[in-house]
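One-based numbering along the sequence shown.
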Amino acid sequence: HQVDAILPGLEALDKVMAMFPEGFFASMKEITGNKGINIGLVRGVDGMTTEPEGLQYWVDGEAHIALVLCENMEKAILHELSHVLDTYIYTNSVLYDEWNDVNPAGFSYDENYEAYLLREESPYLKEGNQSFIDSYSMSFAKEDRARILEYALTEGNEAVFASTTMQNKLLRVCRAIRDAYGWKKDTRTFPWEQYLNKSLAYVEKKK
């Protein structure tokens, strides 16, 4: 049933998984109870807001992701994977503990999923002084980080990370991933680091 809808979804999933280094998700076994991440392609999720088109949740310690079959599958997959990655980073790094340090002074997240729908404009979203990717990013810190990873792995987003604040946020995410995975001295440049102004790839000192 629904083969024409499911096949593009599976292709998008394959494309996204190929963006990550080998063993990236296997390393998460400590937070998934050695059972991995359960991903399901679904027709819809009742009660879900318009963005993103997916849902990440936990059942008995197992990570689950429900992805609504849609045109923006790749972004939805990246967004929901970021929520699982958040848990792994918090377990293995302290770099997200002070996440608010990279936000504008005096800013507070909505802490709900309704306010962004009514927000007509914000000085934090103005080009040249951008502090968030969009209004949805201002709902929760976890959604802010998920949007960042989502856009960092999507082509054509140089302008999104042009401001000092957005560079600092992307840098915090990239450093947190390296810290959690023990990659501080890794010479690779990872796909999510493509918009950094300065490379984090380790360069061995010449003797």
Side-chain angles (χ1 to χ4, degrees), residues 12 15-16 18-20 45 48-56 65 67-68 70-86 89-90 93 95-180 183 188-201:
K15 183 177 179 179
V16 168
M19 296 178 182
F20 296 87
V45 178
M48 189 177 69
T49 56
T50 56
E51 313 182 44
E53 293 168 305
L55 182 68
Q56 194 276 310
I65 293 176
L67 298 166
V68 179
C70 61
E71 293 182 359
N72 299 317
M73 281 293 297
E74 291 179 26
K75 283 190 172 184
I77 296 166
L78 288 169
H79 192 98
E80 302 309 326
L81 284 173
S82 177
H83 290 323
V84 182
L85 180 60
D86 250 27
I89 290 175
Y90 269 114
S93 175
L95 292 182
Y96 279 175
D97 291 355
E98 303 298 332
W99 176 258
N100 281 328
D101 289 350
V102 295
N103 279 326
F107 171 81
S108 296
Y109 290 101
D110 300 326
E111 302 298 340
N112 66 69
Y113 286 111
E114 290 80 38
Y116 88 95
L117 293 168
L118 304 174
R119 188 181 293 114
E120 295 183 359
E121 59 181 32
S122 169
Y124 299 128
L125 300 177
K126 289 185 177 180
E127 186 176 349
N129 194 35
Q130 192 169 355
S131 300
F132 300 89
I133 288 175
D134 56 14
S135 188
Y136 186 78
S137 303
M138 299 162 67
S139 57
F140 292 88
K142 65 178 183 179
E143 301 299 352
D144 193 5
R145 291 189 291 269
R147 270 288 196 257
I148 289 169
L149 187 67
E150 173 189 336
Y151 275 67
L153 280 164
T154 306
E155 295 302 319
N157 289 326
E158 292 88 350
V160 173
F161 297 102
S163 71
T164 300
T165 299
M166 292 306 298
Q167 272 293 307
N168 287 338
K169 286 190 170 187
L170 178 59
L171 182 61
R172 181 68 62 97
V173 169
C174 293
R175 282 180 170 167
I177 294 174
R178 281 183 175 265
D179 188 36
W183 290 339
R188 291 174 291 179
T189 296
F190 299 103
W192 51 85
E193 297 175 351
Q194 64 178 320
Y195 297 122
L196 287 176
N197 289 338
K198 185 177 180 180
S199 175
L200 290 178

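Interatomic distance, OG of Ser122 versus CZ of Phe107, reported as 7.5 Å (0.5 Å rounding). Rounding to the nearest 0.5 Å gives a distance of 12.5 Å between OH of Tyr124 and OG of Ser135.
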What's the verdict on salt bridge (Lys or Arg N to Asp or Glu O under 4.0 Å) for Arg178 and Glu193, showing C-alpha distance, side-chain angles and the deciding distance?
CA-CA 11 Å; Arg178 281 183 175 265; Glu193 297 175 351; 2.7 Å; yes
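Residues Leu81 and Gln56 have side chains not in contact (no heavy-atom distance under 4.5 Å, counting atoms from C-beta outward). With a 4.5 Å cut-off on side-chain heavy atoms, Trp192 and Val173 do not count as touching.
Across Glu53, Glu74, Arg145, Glu143, a single residue satisfies side-chain contact (heavy atoms from CB on, under 4.5 Å) together with His79, and that is Glu143.
Judged by the 6.0 Å and 45° rule, Lys142 forms no cation-pi pair with Tyr96. Judged by the 6.0 Å distance and 45° axis criteria, Lys169 is positioned over the aromatic ring of Phe132.
More than 12 heavy atoms of other residues, nucleotides or ligands sit less than 6.0 Å from atom CD of Glu111.
Under the 30°/60° scheme for interplanar angles, the aromatic rings of Tyr113 and Phe140 are found to be tilted.
Thr165 and Asn168 form no side-chain donor-acceptor contact under 3.5 Å, judged by distance and modelled atom types alone.
Residues meeting the salt bridge (charged side-chain N to carboxylate O under 4.0 Å, His left out) test with Arg175, sequence neighbours left out: none.
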